[in-house]
Amino acid sequence: MSNNNVNILITGATGYLGGSILERLLNHPDFARFKITAIVRSAKKAEKLKKLGIDVAVGSHSDADLVTDLAAKADVVFTAADADDLGAAQALLAGLKQRFEKTGKKSVLIHTSGAATLIDLNANGTTPHQVYDDTDATQIETLPGSSYHRHVDLPLVNADIEGFVKTYIILPSLVYGIATGTLVDLGIRNPHTLLFPHLIRLCQKRGQGGVPGKGLNKWPHVHINDMADLYIRLFDAVIANAPGLGHGREGYYFAENGHTLSYDLCKAVAVALAARGVGTEEPTVFTEEEHKTVSHVHSSMRNLFLNSGIGIGRHLQEFLLAILSSSVECKASRARALGWEPRYGDEEFFGSFDAEVGAALRG
Ligand SMILES: NC(=O)c1ccc[n+]([C@@H]2O[C@H](COP(=O)([O-])OP(=O)(O)OC[C@H]3O[C@@H](n4cnc5c(N)ncnc54)[C@H](OP(=O)(O)O)[C@@H]3O)[C@@H](O)[C@H]2O)c1
């Protein structure tokens, strides 16, 4: 990519992850040469973003023409809205293809997927399971097409192979930490991660921290600031035309900096709740009934759930507990090879639940 101005399109800019990207772009030393466009549903947030120098298209990603038109002008597209929105992904690809056919310019797509694609739903914490390494493209290709997010990730990789776009797929694991910064201060960005507020409210409702079974299952975690570092490090490498930068089938970037047992995570929630007078510090096992209870459904989670192999028509709480009853184990080798040095580890992960519980109980 040349050193001239860079047209950037971003989806999910008002969200937890997308906001982390936009915040870093706003503070990027090369900001003056970026022309950033965000697709945003809220007219009020759009006005605030415009004051920060962002071009805003007010609308939804379900408006395929809008998405295609904007993608057709973009050098770089960041997506961080809904990892399972195939229609939006297809509309983006259509625009990027148009651009390539008209100008010969190959755009870059940095897409947010999720580590749930690596899920082992049968893991019980005692039997061995697959540990995925993002530098092993052949291993990733063993994932079934029915895995979470694959129905979107695979067409993106195929587009890269077809040759009109370079795709980079980022797979965040359990992202934690309450986001801070200008976009949060201005009320533009969601500062909270997806899963934990739901878990906390569920435990609050039952009056006691809970844990699925023995909680021997394992999940990776990553702090929101380290996520932002990863997006921007990759972006910088892309615009600098860094040699040997993996893309397409070699372009999966896991994001983790340690793994947690479900029990330890649930215990941290129980301790923070107990400190606020909700139950005791020892989580109790969620009942079969609780695994099936309907709860508030977040739109991205509903989509994730509906597209999952777990079973269509079941509900968020069930999904949440299914996640905590399953395992993902992976190594973020590709990002580290790029020079990514995550700064937050287990201590910050477990330490984060106090603030998260405080915020969930207040909100
Ligand atoms: N947070 C995590 O731990 C995590 C981990 C792995 C993967 N992911 C995936 O990453 C993606 C983003 O997650 P997040 O935590 O950043 O969620 P989030 O805070 O809810 O952000 C999603 C953003 O996308 C926007 N959006 C969604 N659908 C849209 C549409 N049709 N048109 C326009 N805007 C739309 C939302 O806009 P509004 O402001 O209008 O609602 C929101 O700002 C999700 O697919 C999630 O599954 C998240």
Side-chain angles (χ1 to χ4, degrees), residues 9-23 37-46 48-49 56-64 66-67 70 78-92 110-119 148-149 151-153 169-179 183-184 186-199 219-228 230-231 252-257 260 265 296-308 316 319-320 323-324 328 330 332 349 352 356:
L9 174 65
I10 177 164
T11 71
T14 55
Y16 181 61
L17 289 174
S20 81
I21 302 168
L22 184 58
E23 185 82 39
T37 305
I39 306 174
V40 168
R41 288 190 281 211
S42 152
K44 209 166 146 193
K45 291 184 180 182
K48 293 183 185 179
L49 282 168
V56 185
V58 178
S60 164
H61 308 140
S62 52
D63 181 344
L66 172 73
V67 173
L70 292 173
F78 283 101
T79 70
D82 182 347
D84 297 296
D85 188 341
L86 179 61
Q90 286 169 330
L92 279 174
I110 301 178
H111 171 72
T112 304
S113 176
T117 200
L118 311 174
I119 206 163
Y148 291 115
H149 314 310
H151 66 289
V152 174
D153 295 357
I169 299 182
I170 296 197
L171 296 95
S173 49
L174 296 176
V175 190
Y176 68 94
I178 299 174
L183 296 173
V184 172
L186 293 174
I188 296 172
R189 171 185 177 195
N190 165 28
H192 295 287
T193 191
L194 221 51
L195 204 65
F196 300 137
H198 291 294
L199 175 65
W219 264 79
H221 55 74
V222 61
H223 191 274
I224 185 66
N225 293 345
D226 286 330
M227 275 309 305
L230 172 53
Y231 281 112
Y252 291 94
Y253 293 77
F254 300 164
E256 57 76 23
N257 193 30
T260 176
L265 186 169
H296 166 71
V297 181
H298 181 289
S299 67
S300 336
M301 290 195 87
R302 188 202 295 120
N303 288 344
L304 181 74
F305 191 63
L306 292 177
N307 288 310
S308 78
L316 174 69
F319 167 74
L320 182 68
I323 286 279
L324 292 174
V328 167
C330 65
F349 175 69
S352 71
E356 201 68 72

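Residue numbers count from 1 along this sequence. Counting starts at 1 for both ligands and their atoms, following the listed order. Only a predicted model underlies this, so the values are computations on that prediction, with no experimental measurement involved.
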Going through the checks in order, is the side chain to side chain donor-acceptor pair (under 3.5 Å) test met by H61 and T11? CA-CA 8 Å; H61 308 140; T11 71; 4.5 Å; no
Write down the atom of V328, the atom of P220, and the distance for their closest heavy-atom approach. O-CD, 3.2 Å
Can you name the nearest heavy-atom pair linking W219 to A116, along with the distance? CH2-CA, 3.8 Å
Side chain, backbone, both or neither: the part of [X] lying under 4.0 Å from ligand 1 by heavy atom:
X	result
S113	backbone
L17	both
V175	both

Check each atom of ligand 1 against the heavy atoms of [X] and keep those under 4.0 Å away; list them by number with element.
X	value
Y16	1 (N), 15 (O), 16 (O), 18 (P), 19 (O), 21 (O)
S173	3 (O), 5 (C), 6 (C)
T14	37 (O), 38 (P), 39 (O), 42 (C), 43 (O)
T193	1 (N), 2 (C), 3 (O)

After noting the C-alpha distance and the side-chain angles of Y148 and S113, does the key distance pass the side chain to side chain donor-acceptor pair (under 3.5 Å) rule? CA-CA 9 Å; Y148 291 115; S113 176; over 6 Å; no
Evaluate [X] for polar contact with ligand 1, using N/O atom pairs at a separation under 3.5 Å.
X	result
G15	yes
G59	no
H192	no
S62	no
T112	no
S60	yes
D85	no
H149	no
G114	no

Heavy atom of [X] under 4.0 Å from ligand 1?
X	result
I39	no
A80	yes
A115	no

Quick one, D84 with H149, criterion side chain to side chain donor-acceptor pair (under 3.5 Å). Give me CA distance, side-chain angles, the key distance, then yes/no. CA-CA 6 Å; D84 297 296; H149 314 310; 2.9 Å; yes
Test applied, side chain to side chain contact (heavy atoms under 4.5 Å, CB included); reference residue, V175; option that passes from T193, L194, D226: T193
Which option wins on minimum heavy-atom distance to atom 22 (C) of ligand 1: G12, A116, A81? A81
I want to confirm something. Looking only at heavy atoms, which of K45, H221, R41 is nearest to atom 40 (O) of ligand 1?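 The nearest heavy atom belongs to R41.
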Output the distance between atom CD1 (I188) and atom NZ (K45), rounded to the nearest 0.5 Å. 8.5 Å
Measure the CD-CD1 distance between E23 and I224 for me, rounded to the nearest 0.5 Å. 10.5 Å
Do S20 and R189 touch side chain to side chain, with heavy atoms closer than 4.5 Å? yes
Taking the side chain as C-beta and beyond, is there a heavy-atom pair between Y252 and I170 under 4.5 Å?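 No - every pair of side-chain heavy atoms lies 4.5 Å or more apart.
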Return the orientation label for the F349 and Y176 ring planes: parallel under 30°, perpendicular over 60°, tilted otherwise.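 Ring orientation, 0 to 90° scale: perpendicular.
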Could you please spell out the steps behind the side-chain contact (heavy atoms from CB on, under 4.5 Å) verdict for Y253 and I169? CA-CA 6 Å; Y253 293 77; I169 299 182; over 6 Å; no
List the steps, then state whether side-chain contact (heavy atoms from CB on, under 4.5 Å) holds for V152 with D85. CA-CA 7 Å; V152 174; D85 188 341; over 6 Å; no
